[in-house]
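For reference, the structure is listed below as structure tokens.
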Amino acid sequence: MPVTTLVSYSVQRVEVMDVDGEVDASLMPALSPERITALYEVMVLTRVFDERMLKLQRQGRLGTFARVAGQEGAHVGAAFALADEDWMVPAFREAGAFLLRGMKMENFLQYWGGDERGNVFPEGVRMLPASIPVGTHMLHAAGLGWAMKKKGERSAVLTVFGEGATSEGDFSEAMNFAAVFQCPVVFFCQNNQWAISVPYHKQSQACTVAQKALGYGMPGTQVDGNDVFAVYKTVSDALENARNGGGPALIEAHTYRVTDHTTADDARRYREDAEVEEWRERDPIERLSRYMKKNGLLDDAGETAVREGAVAKVVEAVTAFELMEPPPPEEVFAHVFAEITPPLAEQRDRLLRRLEGRE
Amino acid sequence: MPVTTLVSYSVQRVEVMDVDGEVDASLMPALSPERITALYEVMVLTRVFDERMLKLQRQGRLGTFARVAGQEGAHVGAAFALADEDWMVPAFREAGAFLLRGMKMENFLQYWGGDERGNVFPEGVRMLPASIPVGTHMLHAAGLGWAMKKKGERSAVLTVFGEGATSEGDFSEAMNFAAVFQCPVVFFCQNNQWAISVPYHKQSQACTVAQKALGYGMPGTQVDGNDVFAVYKTVSDALENARNGGGPALIEAHTYRVTDHTTADDARRYREDAEVEEWRERDPIERLSRYMKKNGLLDDAGETAVREGAVAKVVEAVTAFELMEPPPPEEVFAHVFAEITPPLAEQRDRLLRRLEGRE
Amino acid sequence: MARLNMVEAIDQALRQEMDRDDTVIVLGEDVGRDGGVFRVTDGLYERFGEDRVMDTPLAESGIVGFAIGMAIGGFKPVAEIQFSGFVYPAYDQLLSHAARFRTRTRGQRTVPMVVRMPYGGGIRALEHHSESMEAIFAHIPGLKVVIPADPYEAKGLLTSAIRDPDPVVFFEPARVYRAIKMDVPEEQYTLPIGEARVVREGADLTLIAWGAHVRTIKEAAERLAADKRCDVEVIDIRTIAPFDAATVVASVKKTGRAIIVHEAPQSGGFGAEISAQIMERAVLHLEAPVKRVAGFDTIPPLSKLEDLYQPSVDLVVDEVIATMEF
Amino acid sequence: MARLNMVEAIDQALRQEMDRDDTVIVLGEDVGRDGGVFRVTDGLYERFGEDRVMDTPLAESGIVGFAIGMAIGGFKPVAEIQFSGFVYPAYDQLLSHAARFRTRTRGQRTVPMVVRMPYGGGIRALEHHSESMEAIFAHIPGLKVVIPADPYEAKGLLTSAIRDPDPVVFFEPARVYRAIKMDVPEEQYTLPIGEARVVREGADLTLIAWGAHVRTIKEAAERLAADKRCDVEVIDIRTIAPFDAATVVASVKKTGRAIIVHEAPQSGGFGAEISAQIMERAVLHLEAPVKRVAGFDTIPPLSKLEDLYQPSVDLVVDEVIATMEF
Ligand SMILES: Cc1ncc(C[n+]2csc(CCOP(=O)(O)OP(=O)(O)O)c2C)c(N)n1
Ligand SMILES: Cc1ncc(C[n+]2csc(CCOP(=O)(O)OP(=O)(O)O)c2C)c(N)n1
Ligand SMILES: [Mg+2]
Ligand SMILES: [Mg+2]
């Protein structure tokens with residue numbers, strides 16, 4: 001038979017909880033009420049923190065940053081599936097995952113306020129800092145995954161990126177390296193439909209991001225990214241499979257950027273409010289709270305309490321942030337190399353002498 | 001239904017002619033006896049030329065080059081589907097396509113003998129020179145395709161590359177740009193199973209190269225690359241579809257590199273002779289000659305005549321090549337910019353003065 | 001004559017050249033409906049449509065490689081890289097292809113193309129948004145590297161760059177984008193690529209810069225003049241490739257002293273090339289060593305320490321005085 | 001003590017360091033069963049297996065980016081780029097990540113890694129196989145750039161590079177690979193990164209080079225000595241980043257003359273940095289201008305004209321004489 005079918009594939013979409021908070025019991029991940037509450041709390045904290053960061057930015061106390069409001073279901077859900085031994089390799093729109101993994105809020109503010117010292121994680125936290133060059137960090141995740149496997153650790157790596165990042169050549173190379181070396185890596189794409197002003201259909205002709213996995217011999221799945229249970233379940237399964245030597249996977253969280261791209265952007269220049277409104281109705285936090293209320297895990301008072309608790313934590317962090325000393329000048333030179341080189345020492349000394357002379 | 005199938009794909013393999021030269025009439029492309037003879041002649045010429053280049057290289061008259069013997073079915077078959085108005089954007093293992101498109105053999109030798117002037121095509125030939133950096137040139141094909149479309153030309157671009165090239169990020173970007181802008185480009189991969197010493201299964205975990213198209217919303221097809229009719233038919237259809245505004249396509253020609261990677265390589269270091277022998281039996285030229293003999297298009301005497309005709313042409317080209325003057329020193333500076341810049345003119349004049357002083 | 005900032009001047013240059021020549025195509029990330037993240041391409045999408053103002057996928061190598069194909073196919077692409085900190089994925093296409101097609105085909109295939117991008121620090125930006133790596137482009141044979149210092153320069157040089165038959169990398173100092181307004185003629189004009197510009201004549205010392213730091217050295221010169229300390233000549237290099245040694249050398253022969261100012265890391269920055277050329281062509285005329293006032297050999301610090309990194313007017317003034325007193 | 005060529009010396013350095021430290025991993029295109037296209041990794045695959053000598057897919061950015069992850073994960077990757085002409089796709093990973101992780105995490109995440117590659121012309125190679133673009137790496141803050149001149153140097157410097165806690169780009173002059181054999185100790189040894197080396201002492205003029213052209217200048221010095229024309233000091237820069245200005249300056253203060261020789265394009269080549277540093281630190285000691293003998297600002301020509309491009313012993317000798325007679 002001269003025209004034969006060599007391979008066939010299909011791409012699935014996973015949904016566990018609908019907009020009303022109703023769940024499919026057969027797919028519902030095994031999460032204790034405490035864990036669900038914890039998940040809810042960190043999602044709310046993420047939202048409150050994000051809103052506060054916007055204020056700080058508008059006041060000139062932070063630089064440009066990328067808001068996460070509306071994407072808590074995706075990246076918080078995914079990071080919630082991590083074990084302590086796992087690594088996370090983020091892009092720049094995963095504030096909730098930073099909080100969840102143990103980064104202190106004041107340090108997060110410190111970094112986005114223009115001080116590199118805010119990039120230091122508490123000892124033992126397995127996470128890399130935000131990566132600004134789009135699409136480049138997934139290769140680090142692949143290499144890190146290889147390292148974990150080679151050491152015989154039963155751990156996996158979660159790397160997060162936007163759908164725009166899948167257009168970069170490095171994405172393709174990372175997928176391929178991870179597949180060829182069967183690295184324990186979960187590639188998690190927050191497909192929020194926009195890369196600044198470019199909508200997904202101008203970014204790619206592929207119906208889904210998930211199907212990009214097929215070209216690398218890797219499984220690809222789409223989940224409703226505003227359904228935190230679907231995200232948690234799919235990522236948990238993929239991480240566990242990776243830890244067990246099952247190789248990498250690509251997961252596309254189908255979500256939406258309801259905010260501007262960054263605080264320097266004005267999304268009204270290029271998209272319709274109607275589209276945004278439609279997605280606001282699928283808000284991942286409200287959806288979870290509906291589920292929790294229906295299942296006796298939350299009531300209105302509790303909801304207020306969680307929010308107020310979050311506000312209190314954020315206020316405390318902002319205070320700590322504002323008390324921070326600016327970095328001393330020698331910080332510019334301190335960590336270029338393990339040991340400062342003579343040319344750098346000379347440049348540093350010249351600067352310090354000059355600054356002294358001024359004082 | 002919480003787990004739904006979003007999209008399904010399958011990848012087909014096209015075969016028209018088997019190893020004995022028997023064809024599937026329903027798929028056989030409409031080619032006149034004259035065209036088939038012409039195709040056969042250029043495949044034989046390519047083989048003879050390749051063998052002669054090897055001798056010249058061993059004698060030190062050519063630099064390192066990549067042999068094409070055994071891959072004539074793939075790249076010659078594909079280039080045979082081009083119209084004059086179409087462009088071809090090659091890698092470095094498509095000698096037959098150069099001959100077919102009208103590059104003079106002596107100029108081809110001149111280039112591989114270390115003289116850039118051999119890269120100049122006869123006026124009106126729409127082809128780019130060989131591209132040595134693997135995987136980079138398919139982007140040029142995409143942009144060129146865009147240009148043809150924008151000008152309203154009914155033409156398409158054929159770009160050829162190896163399976164190793166599909167690992168480079170630029171391949172992914174080229175596929176994506178071509179798909180997003182619906183450029184009339186046929187991406188033609190000669191999957192010869194090896195990228196120097198790296199076999200396909202270490203290059204990619206994907207069963208086929210063809211399925212890589214799916215991630216870009218592009219059709220992907222595999223053909224038997226040693227079956228020149230299958231290649232011609234599949235590429236013709238894809239080019240015609242592209243010319244008609246149907247967008248790009250990826251075609252994987254499943255073939256084999258029976259030679260060393262280049263004249264600088266020794267393939268016995270990394271692969272078994274048995275594998276090579278197996279593929280030699282699928283030789284594309286012999287397969288075509290069996291078909292032609294069965295169908296009264298060729299006999300033993302004709303076979304000898306074609307070969308001898310090819311040898312005569314090659315001998316003539318080699319003679320012309322050997323009569324060529326070496327490039328004059330000013331050639332180094334002649335084409336850096338449209339107009340030589342003052343710093344370059346200074347460097348040139350200094351060199352020329354020095355060379356004069358020596359004479 | 002309208003008073004324009006650099007963003008507006010570049011936008012106007014693009015619009016006018018696109019009006020004049022319909023093979024000119026603007027492409028890049030967010031250059032379309034959004035008008036570019038700095039609004040440099042504002043209004044072009046509305047005027048010329050998505051076929052001539054193309055929002056591309058997010059891939060810099062793709063943008064430049066695709067533009068090469070467009071150029072070979074008869075168009076004049078003007079590609080925008082959103083920030084120079086993201087041009088590195090395209091470095092290969094620039095070096096290995098854009099800069100080489102003419103040479104390797106003996107002029108048969110050419111790549112008339114402009115790759116423009118904002119660059120440089122001083123804008124309190126994120127990581128990777130403050131780099132000044134023009135030197136690595138100036139070292140690539142076959143590329144021209146143009147860096148305007150003000151709105152007038154930007155319009156004229158960009159128009160020339162678009163009309164140039166060879167690939168041009170066009171660095172736009174982000175710090176200058178909205179910092180100054182000046183008179184810019186409405187009609188089109190060109191400025192020469194390959195010629196430095198004497199911004200201010202002076203007798204005692206030559207200050208040399210490009211991009212944002214032309215303003216730094218001009219201010220330094222003015223302050224020194226106001227303080228009656230010395231009479232400084234100010235040169236805007238304007239195109240670091242090809243480099244106009246003649247103008248620099250003539251000036252240094254006259255003044256006997258020179259200081260080169262750039263924010264790029266000092267080691268291997270383009271200031272070294274200028275110093276070396278002065279050494280080769282004018283050392284006998286020097287009254288003091290040629291100095292460089294440049295960025296440190298460090299990653300540009302984030303905003304809290306950024307000011308330390310940027311050559312300041314103060315620092316330049318002090319170094320001029322030190323050189324005068326040498 | 002065995003007589004080894006540079007290929008063998010590097011191979012030995014890799015083998016010994018892999019024996020000593022099992023976190024060292026070699027990766028790249030064809031480094032495994034094939035032993036590398038120049039055979040630099042010959043025998044390593046058989047000895048250490050495919051987990052420590054990894055044939056990667058054909059993707060340079062992938063190799064370097066993956067190696068960064070490996071390094072952060074506790075390994076010491078030694079990545080091979082098959083030819084330096086193909087390193088540009090990886091330039092972004094080197095500049096934007098490898099060189100910056102330490103700075104941006106204040107030392108919490110580091111990238112101890114070596115990226116080695118053959119470079120330079122003189123081997124009658126294809127397009128893109130003769131480049132000498134070391135300068136663009138020396139300009140990247142956070143990278144070290146090491147270039148051995150002979151087999152002994154190669155073994156010691158590579159051993160140091162692998163043990164270095166920071167990313168090192170290691171350029172191997174392809175022309176030297178099999179051109180010379182010399183005594184190389186069987187036992188491991190290190191050579192300092194950041195120190196230039198006085199290869200030959202001399203009183204009249206300092207010749208400066210790195211990589212393959214250390215041999216060029218040594219031969220020039222010897223010929224000049226044999227002809228009793230002058231007594232030349234020869235310096236091998238060895239690590240262009242960090243650059244050891246002290247050794248060069250001390251020499252030039254002694255000799256009063258200097259010529260820098262490199263095959264990279266002259267404009268923006270690392271020779272400019274050296275000249276600029278001499279200007280800044282020793283100009284008063286000069287008896288003649290510092291000169292550069294360098295490649296043209298052109299694409300390296302293919303083999304038929306390649307010899308014109310390479311600085312030759314003849315040319316260096318003539319330039320020394322001209323400088324002496326200045
Ligand atoms: C290599 C690179 N190119 C361009 C940019 C500028 N940029 C920052 S974010 C962004 C869009 C990213 O889109 P996506 O990957 O979908 O992530 P999202 O912002 O939607 O979360 C762009 C173009 C960059 N940071 N890095
Ligand atoms: C960017 C780049 N990396 C490495 C090389 C060295 N190289 C030349 S050909 C080749 C293998 C190419 O394999 P493939 O794409 O399958 O083509 P084939 O040689 O099999 O025709 C390699 C690694 C190169 N030329 N360019
Ligand atoms: Mg997005
Ligand atoms: Mg191959």
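Chain letters run A, B, ... following the sequence lines, proteins first and then strands; every chain starts at 1. What's counted below: heavy atoms across the whole structure, side chains too, no hydrogens, waters or symmetry copies.
Electrostatic pairing of C:R223 and C:D314 counts as a salt bridge here, judged by a charged N lying under 4.0 Å from a carboxylate O. A salt bridge links A:K202 with C:E50: at least one charged nitrogen is closer than 4.0 Å to a carboxylate oxygen. Salt bridge C:R39/A:D266: absent, no basic N to carboxylate O contact under 4.0 Å.
A:V198 touches chain C through backbone and side chain together, each having a heavy atom under 4.5 Å away. Neither the backbone nor the side chain of C:S61 has a heavy atom closer than 4.5 Å to any heavy atom of chain A. Of the two parts of C:D30, the backbone and the side chain both hold a non-hydrogen atom closer than 4.5 Å to a non-hydrogen atom of chain A. The contact between C:E60 and chain A is made by backbone and side chain atoms together, counting heavy-atom distances below 4.5 Å. With a 4.5 Å cut-off on non-hydrogen atoms, A:Y111 touches chain C through its backbone and its side chain both. Within the 4.5 angstrom heavy-atom criterion, only side-chain atoms of A:V336, from C-beta onward, approach chain C. Contact of C:F296 with chain A is made through backbone and side chain together, with heavy-atom distances under 4.5 Å. Residue A:L344 touches chain C through its side chain alone, counting heavy-atom pairs closer than 4.5 Å.
When each of A:D115, A:I196, A:T136 is checked for heavy-atom pairs under 4.5 Å with chain C, A:I196 comes out on top. Interface check for chain A: of the options C:F83, C:Y45, C:Y309, C:F86, the most heavy-atom pairs under 4.5 Å are formed by C:F86. Per-residue heavy-atom pair counts under 4.5 Å with chain C were compared for A:P326, A:G135, A:S167, and the maximum is reached by A:S167. No other option in A:A264, A:P343, A:G164, A:A165 has as many heavy-atom pairs under 4.5 Å with chain C as A:G164. No other option in C:G85, C:S303, C:G62 has as many heavy-atom pairs under 4.5 Å with chain A as C:S303.
Remark: side-chain polar atoms of C:S275 are not paired, donor with acceptor, to backbone N or O of C:G271 under 3.5 angstrom. Put simply, the side chain of C:E306 never gets that close to the backbone of C:K304: no donor and acceptor are under 3.5 Å apart.
Looking at A:E278 and A:Y256, their side chains never bring a donor and an acceptor atom within 3.5 Å of each other. Side-chain polar atoms of A:Q71 and A:T255 form no donor-acceptor pair below 3.5 angstrom. In summary, the side chains of C:E134 and C:S132 do present a donor paired with an acceptor at a separation below 3.5 Å, with no hydrogens or angles considered.
Counting heavy atoms from C-beta outward, C:I81 and C:V64 have side chains that approach closer than 4.5 Å.
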